[in-house]
Amino acid sequence: MKTLKNAKVGETVKVVKLTGTGAVKRRIMDMGITKGVSIDIRKVAPLGDPIEVTVRGYELSIRKADAEMIQVEG
């Protein structure tokens with residue numbers, strides 16, 4: 001399954017599943033990333049970390065470790 005970490009710049013993907021557990025999963029959900037939401041990949045930092053995305057109309061930076069826990073399609 002494709003994760004947010006593997007998505008390319010300019011892509012729009014849809015969240016299928018969050019694989020994190022406990023506090024990490026709660027933090028991701030508190031940022032507005034929940035099942036079914038669309039995410040636009042805006043930029044990736046030169047060294048690959050963090051990834052800048054647009055979720056629910058606002059910009060957000062996500063670490064690669066957290067992006068790996070977000071399974072997406074599209």
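Being a predicted model, the structure only gives us computed values, none of them experimental.
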Practice item. Kindly write out the residues that satisfy salt bridge (Lys or Arg N to Asp or Glu O under 4.0 Å) with K2, not counting sequence neighbours, or none if the list is empty. Key: E11
Practice item. Could you name each residue pair satisfying salt bridge (Lys or Arg N to Asp or Glu O under 4.0 Å) that touches residues 43-59, not counting sequence neighbours? Key: R42-E52, R42-E59
Exercise for review: Report the residues that fulfil side chain to side chain contact (heavy atoms under 4.5 Å, CB included) with V55, sequence neighbours left out, ordered by chain and then residue number.
Suggested key: I33, V37, I39, V53, L60
Review point. Do L18 and I41 share a hydrophobic cluster (ILVMFWY, side-chain heavy atoms under 4.5 Å, transitive)?
Key: yes
Check your understanding: How far does CG of L4 sit from NZ of K64, to the nearest 0.5 angstrom?
Key -> 12.5 Å
Check your understanding: Partners of T12 by side-chain hydrogen bond (donor to acceptor under 3.5 Å, both in side chains), sequence neighbours excluded?
Key -> D40
Point to revise | For the student: nearest non-hydrogen atoms of A67 and I62, plus distance | key: N-CG2, 3.8 Å
Review point. When rounded to the nearest 0.5 angstrom, what distance separates CE in M69 from OG1 in T3?
Key: 11.0 Å
Can you give the donor-acceptor pairs under 3.5 Å from side chains of residues 21-30 to other protein atoms, not counting sequence neighbours?
unit_1, atom_1, unit_2, atom_2, d
R26, NE, D30, OD1, 3.3
R26, NH2, D30, OD1, 3.4
R27, NH1, D66, OD2, 3.0

Point to revise | Rounded distance (nearest 0.5 Å) linking atom CD of Q71 with atom CG of N6 | key: 10.5 Å
